[in-house]
Structure formats: structure tokens, C-alpha cells
Amino acid sequence: MREVALRLMVNGERIARTVEARRTLADFLRDDLSLTGTHLGCEHGVCGACTVLLNGDAVRSCLMFAAQADGAEVTTIEGLSEPAGGLTPIQAAFQAEHGLQCGYCTPGFVVSAHAFLAEHPNPSDEEIREAMSGNLCRCTGYQGIIAAVKRAANNGSSS
Amino acid sequence: MTAGRFMGQAVARSEDPRLLAGRGRYIADVVVPSTSDAAFLRSEVARGRIVSLDVEAARSAPGVRAVYTAADLNPLVHETAVAGLPEGPFPPKYCLAENDVRFVGDPIAIVIAENRYLAEDAVELIDIDIEPQEPVLDVDAARMAMA
């Protein structure tokens with residue numbers, strides 16, 4: 001199987017690895033870098049659980065090859081969290097609004113919310129719904145999630 | 001009644017901080033040495049007859065540890081039943097599709113391999129011939145003798 005050399009930044013850290021050409025970015029992050037906060041739900045780009053930031057844009061890491069991230073800057077949920085364990089404003093808003101239950105889809109939602117609020121600091125409800133429509137949750141329902149993104153926006157937390 | 005720890009006030013969930021930070025630990029996050037991955041061959045039609053199934057090429061594919069079909073597993077697996085429900089005219093349920101497939105996604109064979117990529121490769125080597133049939137879509141159709 002063909003292998004390719006890969007250099008990229010992941011959560012601010014320089015990474016140089018050799019990967020199989022067909023290895024997905026999601027598997028590379030989870031299995032090779034042990035960043036298991038990025039989750040695989042549907043594995044074909046529908047559920048959004050694998051969402052990460054690629055040069056600041058929200059992308060689905062199950063639909064990309066790791067090799068396509070060569071030279072890029074990747075940020076995962078781990079990179080959007082406080083190392084000491086506290087909650088960022090977006091995460092705190094999710095907890096306050098009951099925007100999660102089992103938590104499996106949650107990193108994808110939090111990453112999507114980061115990318116969205118960075119571009120839309122004062123979103124309308126309609127814009128929030130549209131922006132979050134690429135992530136699926138099967139336990140909470142979406143009201144708490146929409147309210148969490150709204151609360152984060154109202155608190156001025158685009159980061 | 002007095003207000004206790006859980007009554008009369010909002011209680012913050014203690015698991016939220018780790019789940020929100022990607023520090024949950026789901027089953028796929030647990031690393032166990034030499035764990036195998038599985039990939040399934042599934043029906044692409046809603047109903048059909050399995051005319052032939054040949055998994056020999058998959059069995060000898062790189063990294064494959066086992067390939068199971070109905071012939072291997074079904075005799076070992078007890079038929080499932082829903083406890084508390086009376087005996088009904090339910091069709092027998094099989095571990096893996098045997099003779100026919102009954103819905104899109106009906107599992108037909110399981111490949112166990114060193115990793116998911118090799119398991120998926122081997123699934124593609126399975127030679128299967130299914131003769132599509134008219135699916136049974138509602139209760140009335142299911143009650144017909146020919147269904």
C-alpha cells in the first residue's frame with residue numbers, strides 16, 4: 001500500500017508522520033495521534049461527529065484523507081479545550097443549556113459552533129439552526145443545542 | 001419533604017466537562033492490543049434470494065483473521081425472542097442472512113481483520129449473487145400466503 005510523508009500542525013503542535021495514502025484524517029487523529037475526542041458516527045459525512053477545523057474551517061475528518069491535510073493546520077476538540085480541565089465559554093454554554101446527554105456527538109457540535117461563531121458573532125436563530133444542521137444528535141434533541149450556541153453568542157464568545 | 005442534594009434545584013451533570021472537552025471514553029476509544037476490526041457484507045436489495053456466496057478469496061486476503069457466514073454462525077446462535085411476548089407468527093430471525101435477504105443492510109457475512117481497511121478490502125472480494133425479489137412492504141402483503 002502506498003505511503004506518503006505528512007507534515008502538519010495539530011492543535012499547535014508540529015507533526016511529521018508517514019501514513020498510508022488512503023488513511024482518513026479521522027483515523028489518523030484518533031488512532032495515530034490518540035486524539036479520540038474526534039468521533040466517528042456515520043463514517044460518510046452525514047452526522048458531523050468527526051468535525052475538526054482545517055485552517056479554521058469546519059470539515060468532516062471522515063471524508064478526508066490524512067494526506068490531504070499535509071501542510072495544514074488542524075484543530076480538534078482537544079485543541080479547543082482548556083488543558084487544565086475548565087470549560088471554554090462555548091462548552092460552558094452547552095452545559096448550562098443542557099446541550100448534551102451521552103456526549104458522543106458533542107465534540108462535533110462544539111467544533112462547528114466555534115467555526116460558526118468566529119464568522120457570525122451575532123447570529124439570528126435561523127442562522128444558528130442552519131449552521132448546526134450539519135451535525136446530528138440522537139438524544140438531546142436540538143433545542144438545548146441551539147440555545148447553547150445562542151447563549152455563547154450573547155456572551156460574546158467567538159473563541 | 002426537605003430540599004436535598006437533588007431536589008428543588010438545578011444539578012449540574014458531573015460528566016459534562018469531560019464530554020465537552022473530548023475526554024469521554026467510548027468503546028472505540030479503548031485501545032486493546034491485537035484488537036481486530038470487523039466489516040460486514042450487507043444486502044443491497046430489500047428482498048432477494050441468495051443464489052451463491054463464495055468467501056474463499058476473502059478468507060485468504062491480507063490481514064484477514066476470520067470470515068463468517070450463516071453456515072458458520074447460525075447453528076451456534078440461538079434464535080432471539082422478545083421476553084414476555086406471546087408466541088406469534090414472527091418469521092425466524094437469523095444471525096446472518098441464510099438463503100434470502102429481507103432488507104437493505106441485512107448482514108450476510110462478517111470479515112474480521114487486523115484493521116478496518118483490510119477488513120473492507122476483503123469484503124470486496126466476496127463473490128455473491130442475489131436474485132432480487134419483490135419486497136413485502138406492509139402487513140396486508142405479509143399476510144398473503146405467498147409472502
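No hydrogens, no waters, no symmetry mates; every other heavy atom, side chains included, goes into these values. As the structure is a prediction and not an experimental result, all values here were calculated from the model. By convention in this document, chain letters (A, B, ...) are assigned in the order of the sequence lines, proteins followed by strands, and residues within each chain are numbered from 1.
Residue A:L80 is not grouped with residue A:V59 when hydrophobic side chains (ILVMFWY) are merged at heavy-atom distances under 4.5 angstrom, including chains of intermediate members. One hydrophobic cluster, built from ILVMFWY side chains closer than 4.5 Å, holds both B:I128 and B:V67. Note on A:V111 and B:Y26: same hydrophobic cluster, where clusters join Ile, Leu, Val, Met, Phe, Trp and Tyr whose side-chain heavy atoms are under 4.5 Å apart, directly or indirectly. Residues A:V52 and A:F65 do not share a hydrophobic cluster, defined by chaining ILVMFWY side chains whose heavy atoms lie under 4.5 Å apart. Using a 4.5 Å cut-off between side-chain heavy atoms of Ile, Leu, Val, Met, Phe, Trp and Tyr, with links allowed through other members, A:L35 and A:V19 fall into the same hydrophobic cluster.
Counting non-hydrogen atoms of other residues, nucleotides and ligands closer than 6.0 Å to CD of A:E130 gives a total of 12 or fewer. Applying the 6.0 Å contact sphere to CD of B:E134 captures no more than 12 heavy atoms from other residues, nucleotides or ligands. In B:Q133, the CD atom is crowded: over 12 heavy atoms of neighbouring residues, nucleotides or ligands sit closer than 6.0 Å.
A distance-only check finds no donor-acceptor pair linking the side chain of B:R25 to the backbone of A:T36 [under 3.5 Å]. Between the side chain of A:Q95 and the backbone N or O of B:D16 there is no donor-acceptor pair closer than 3.5 Å.
Interface residue A:H39: only side-chain heavy atoms are found under 4.5 Å from chain B. In this structure, chain A has heavy atoms under 4.5 Å from both the backbone and the side chain of B:A28. The parts of A:Y104 that come within reach of chain B are both its backbone and its side chain, each placing non-hydrogen atoms under 4.5 angstrom from that chain. Proximity to chain A (any heavy atom under 4.5 Å) is restricted, for B:R23, to the side chain, taken from C-beta onward.
Taking CD1 of A:I77 as the start and CG of B:L19 as the end, the distance is 10.5 Å to the nearest 0.5 Å. Rounding to the nearest 0.5 Å gives a distance of 10.0 Å between CD of B:E15 and CD of A:Q101. Here the straight-line distance linking atom OG1 of A:T88 with atom CG of B:L20 works out to 8.0 Å at 0.5 Å rounding. Going from atom CG of A:L100 over to atom CZ of B:R13 covers 5.0 Å, rounded to the nearest 0.5 Å.
No other option in A:L87, A:T38, A:V110 has as many heavy-atom pairs under 4.5 Å with chain B as A:L87. Highest contact tally toward chain B, considering only A:E78, A:R30, A:E20, is held by A:R30 [criterion: heavy-atom pairs under 4.5 Å].
Minimum heavy-atom separation, A:P107 to B:G22: CG-CA, 4.3 Å. The minimum heavy-atom distance between A:S81 and B:A21, with the atom names listed, is OG-CA, 3.3 Å.
You'll find the side chain of A:T24 reaches within 4.5 Å of the side chain of B:Y117, heavy atoms only.
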- Message: Test side chain to side chain contact (heavy atoms under 4.5 Å, CB included) on B:D121 and A:R22; report intermediate values, then the result.
- Response: CA-CA 12 Å; B:D121 284 347; A:R22 64 175 177 171; 2.8 Å; yes

